[in-house]
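All residue numbers in this chain count up from 1 along the given sequence. Atoms within each ligand, like the ligands themselves, are counted from 1 in listed order.
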Amino acid sequence: MTSVYIALGSNLDNPGLQLQRAVDDIDSLSKVELSGCSKLYISEPVGPAGQPDYYNAAIRIETTFAPLPLLDALQAIENNHGRIRTVHWGPRTLDLDIILYGDEIIDSDRLTVPHYQMHLRNFVLCPLLDIDPDLTLPDGRKAATLLAEVGTAGIEVMATKYPWL
Ligand code: ROI
């Protein structure tokens, strides 16, 4: 079993419900056990302006999936939620990103882990720290230190305990 952190985001079609259903979908995958769930956040969009605010959260799972089969399973869930890949950094019904896969460093065409922008995004770092306040990256950096550097502007707690809605 490997501990994996997944970030969730949505800003279309009832985003809170999209995230809650996504957690249920991931939890019901064979080879996956949910071992932690963050608060639910609302955050200002990073990227193109004029899109709705995002709902963001994170989960930790214990899994026997290898990284790419896990990515396949998560992309199937995104597609089931009506995800259509159009504008780069544009609005989306569901985004599921593998942020950390154990202590592995992965740099392939389809997958970069740790997520290449996790250290810049408070909407990723805040939920990760809900699950593990001592979370450390494979290179030894502390998630709490990274969050102190980026700050918590533009992000608010919507609900504390899963199920959020
Ligand atoms: N902005 C916020 N606040 N939350 C997200 O989940 C998010 N996801 C993205 C981009 C478009 C970069 N901006 C985001 O993919």
Colleague: One line per pair, note the atom names and distance for all nitrogen or oxygen contacts under 3.5 Å between ligand 1 and the protein.
Modeller:
| unit_1 | atom_1 | unit_2 | atom_2 | d |
| --- | --- | --- | --- | --- |
| ligand 1 | 1 (N) | Val46 | N | 3.0 |
| ligand 1 | 3 (N) | Ser43 | OG | 2.7 |
| ligand 1 | 3 (N) | Glu44 | O | 2.7 |
| ligand 1 | 4 (N) | Asn56 | OD1 | 3.0 |
| ligand 1 | 6 (O) | Asn56 | ND2 | 2.8 |
| ligand 1 | 13 (N) | Val46 | O | 2.7 |
| ligand 1 | 15 (O) | Arg92 | NH1 | 3.2 |

Colleague: Testing Thr93, Asp95, Asp25, Asp13 one by one against His81 for a side-chain hydrogen bond (donor to acceptor under 3.5 Å, both in side chains), which residue passes?
Modeller: Asp25
Colleague: Can you give me the closest heavy-atom contact between Thr63 and Lys31, atom names plus distance?
Modeller: OG1-O, 2.7 Å
Colleague: So, using side chain to side chain contact (heavy atoms under 4.5 Å, CB included) as the criterion, who are the partners of Asn11 when residues are at least two apart?
Modeller: Gln51, Pro52, Tyr54, Pro91
Colleague: Run the side chain to side chain donor-acceptor pair (under 3.5 Å) test against Lys142 and tell me which residues pass, sequence neighbours left out.
Modeller: Thr136
Colleague: Ser3: what forms a side chain to side chain donor-acceptor pair (under 3.5 Å) with it, not counting sequence neighbours?
Modeller: Glu62
Colleague: Regarding Asp130 and Tyr41, is there a side-chain donor-to-acceptor distance under 3.5 Å anywhere?
Modeller: yes
